[in-house]
There are 2 protein chains.
Amino acid sequence: MNITSNTEDYIKAIFHLTFEGSVNKVGTNQLAEYLGLSPASVSVMIKKMKSKHLVDYEKYGKISLTEVGHELAIKLIRKHRLWETFLHRYMNFSWDEVHEVAHQLEHIQSPKLIRELDNFLGNPKLDPHGDVIPDEEGNFSRTIRKSLSELEKGQRCRLVSVKDSSAVFLKYVTQLGLALSSEIEVLEVREFDHSMMIKYEEKVENVSKKFAESVYVEVV
Amino acid sequence: MNITSNTEDYIKAIFHLTFEGSVNKVGTNQLAEYLGLSPASVSVMIKKMKSKHLVDYEKYGKISLTEVGHELAIKLIRKHRLWETFLHRYMNFSWDEVHEVAHQLEHIQSPKLIRELDNFLGNPKLDPHGDVIPDEEGNFSRTIRKSLSELEKGQRCRLVSVKDSSAVFLKYVTQLGLALSSEIEVLEVREFDHSMMIKYEEKVENVSKKFAESVYVEVV
DNA sequence: ATTTTTTGTTAGTTATATCTAACTTTATTA
DNA sequence: TAATAAAGTTAGATATAACTAACAAAAAAT
Ligand SMILES: [Mn+2]
Ligand SMILES: [Mn+2]
Ligand SMILES: [Mn+2]
Ligand SMILES: [Mn+2]
């Protein structure tokens, strides 16, 4: 009864929607939406995952990972982020290109390869999107991240990570002239739509609320 | 109608049994034996592969790759051998460990990754087993390889590649104290069972016919 | 307290890929 | 040539993982 890469995708999705999200349980429809599948498919799959002791779940109830499922999720995230770092540093992949290929590479089964890759990269702490890479024991610091949207007029900050790993979003960030470590000053927050006027490296740009919510910062 | 990794395994197997073997066509039972599957499964699968124009085949006839199938096979072999080289050179994998993981990595879909990997490795010509790595256009030199078993008493040679990539065999080669480039002298060929007494680096060992057939050499 | 909407499940179907058991064709041997 | 052996195919079943359509439960609105 070994775990398929499909099941691994479900585990990762549940992790992202619970542990990394705001709630600790998720519904089948929500999960289906996130995975781009029909609610029916997810309903059936979750039942199978329950029988494999990967999730806690009761009919018509909410889904959460078991201890085993949680540990697997962290291992997958570790693999994903190590591969992203490798692709970015050594394979000349831009930060908007790494995710898709890392999503394939994370399913490769070889504990030795991951240990060696981690070592080769010098045990990196962060991936190309500023996300924390869990260590071999599954430990990692959970810093409460603040969105740019939470800042007020006049505050200054540094871009530390991004919420969204989609190529569309990351290309936009790059196009704006922003990257990890960019220093940003909030010049104005508009009452009307919560859009922001920000200044960075002599540039002044207007960004939407959605954008500001997708960017994590550290106030300086 | 895209190609699954299962289909890719069939393509590679057919390539190994035909182009790299002695014949240019293979039967379903032979292929089943090689893949460790039942002849029935192979029979069904080959029919599907025919409909996808990957193989030439008639019921009760023999199987061969189409032009498209052949090109795919070479791309897969290129990927496999580049990954083996990477694992051996940078991930501290011994030559008996690389094959299993490369077998997973060869299914990763990313032309850019393969181009970059090739570049990163300095466009290597040979993999850790002495096998030729096809270039991006699918070109590669087909040297007619000579087995150690073809040599006669008194001849001297250099180990250039191995026929078998199994861990069991490669570990035995290493244990004997042999590796690529090792210089070998044939001291004796026994009429009885075609076993050989060979000398290399001050060592004298007796090897079976099967062993001598699994090792490719260049006469010096 | 009903009705309506949202959320979630089940049944039946499809696609991929495997198996065993039974059968057929082709090749070999007597 | 007829019997036997080897090689290959088909049918029916299983496992995984997806879908649509129909139905059921829970939550929200009236
Ligand atoms: Mn990613
Ligand atoms: Mn990332
Ligand atoms: Mn190999
Ligand atoms: Mn090899």
Side-chain angles (χ1 to χ4, degrees), chain A residues 1-14 17-18 21-65 69 72 76 103-104 106-109, chain B residues 1-14 17-18 21-65 69 72 76 103-104 106-109:
Chain A
M1 234 195 236
N2 61 135
I3 289 154
T4 66
S5 69
N6 271 295
T7 302
E8 289 187 337
D9 287 342
Y10 276 83
I11 291 172
K12 264 191 70 183
I14 298 164
L17 293 169
T18 58
S22 45
V23 289
N24 61 338
K25 279 169 179 286
V26 65
T28 48
N29 283 23
Q30 242 181 301
L31 191 50
E33 165 79 38
Y34 182 87
L35 286 164
L37 300 172
S38 72
S41 304
V42 172
S43 214
V44 172
M45 187 64 145
I46 290 298
K47 255 196 290 183
K48 289 178 191 160
M49 288 177 73
K50 193 199 169 179
S51 78
K52 286 171 185 163
H53 310 289
L54 297 170
V55 293
D56 285 321
Y57 169 73
E58 291 307 326
K59 204 197 277 187
Y60 291 107
K62 299 289 176 187
I63 305 152
S64 62
L65 291 171
L72 279 168
L76 286 163
H103 185 60
Q104 295 181 58
E106 75 197 9
H107 300 296
I108 301 293
Q109 305 274 329
Chain B
M1 231 196 238
N2 61 136
I3 288 154
T4 65
S5 70
N6 270 296
T7 303
E8 289 187 337
D9 287 341
Y10 275 84
I11 292 172
K12 265 190 70 183
I14 298 164
L17 292 170
T18 58
S22 44
V23 290
N24 61 338
K25 278 169 180 286
V26 65
T28 47
N29 282 23
Q30 244 180 301
L31 190 50
E33 165 79 39
Y34 183 86
L35 287 165
L37 300 172
S38 73
S41 304
V42 172
S43 214
V44 172
M45 186 65 145
I46 290 299
K47 256 195 291 185
K48 289 178 191 159
M49 287 177 73
K50 192 198 170 178
S51 78
K52 286 172 186 165
H53 310 289
L54 296 170
V55 294
D56 286 322
Y57 168 72
E58 292 305 328
K59 203 197 277 189
Y60 291 106
K62 298 288 175 187
I63 305 153
S64 62
L65 290 172
L72 279 169
L76 286 165
H103 185 60
Q104 297 180 58
E106 75 196 9
H107 300 297
I108 300 293
Q109 305 274 330

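Remember, predicted model here, so these are calculated numbers, not experimental data. Within every chain, numbering begins at 1; the chains are lettered A, B, ... in the order of the sequence lines, protein sequences first and strands thereafter.
Side chains of B/I3 and B/K52 form no contact here, defined as non-hydrogen atoms less than 4.5 Å apart.
Closest to the side chain of B/K59, from the set D/dT10, C/dC19, D/dT20, is D/dT10. Of the candidates C/dA17, D/dA18, D/dA21, the closest approach to any side-chain atom of A/A40 belongs to D/dA21. Looking at the side chain of A/Y60, the nearest of the listed nucleotides D/dA18, C/dT7, D/dA25 is D/dA25. Listed nucleotides D/dT10, C/dT18, D/dT16 differ in distance to A/K52; the shortest reach to its side chain belongs to D/dT16. Side-chain proximity of B/S43 to the nucleotides D/dT10, D/dA7, D/dT20 is greatest for D/dT10. The listed nucleotides are C/dC19, D/dT10, C/dA17; the one nearest the side chain of B/N6 is C/dA17.
At least one side-chain nitrogen or oxygen of A/T4 sits closer than 4.0 Å to the OP1 or OP2 atom of D/dA17. Side-chain nitrogen and oxygen atoms of B/K62 include at least one within less than 4.0 Å of the OP1 or OP2 phosphate oxygen of D/dG8. Of the side-chain N and O atoms in B/S38, one or more sit less than 4.0 angstrom from OP1 or OP2 of C/dC19. Listed pair B/K47 / D/dT10 meets the phosphate criterion, a side-chain N or O lying under 4.0 Å from OP1 or OP2.
Here the side chain of B/S5 pairs no donor or acceptor atom with the backbone of B/E8 at under 3.5 angstrom.
Rounded to an integer number of Å, the gap from A/L37 CG to C/dT7 P is 17 Å.
Atom CD1 of A/I14 sits about 10.5 Å away from atom CG of A/D56, to the nearest 0.5 Å.
Nucleic acid contact for B/T28: sugar-phosphate only, since backbone atoms but no base atoms lie under 4.0 Å from a heavy atom of the residue.
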Would you check, one step at a time, whether the test side chain to side chain contact (heavy atoms under 4.5 Å, CB included) holds for B/K48 with B/L54?
CA-CA 9 Å; B/K48 289 178 191 159; B/L54 296 170; over 6 Å; no
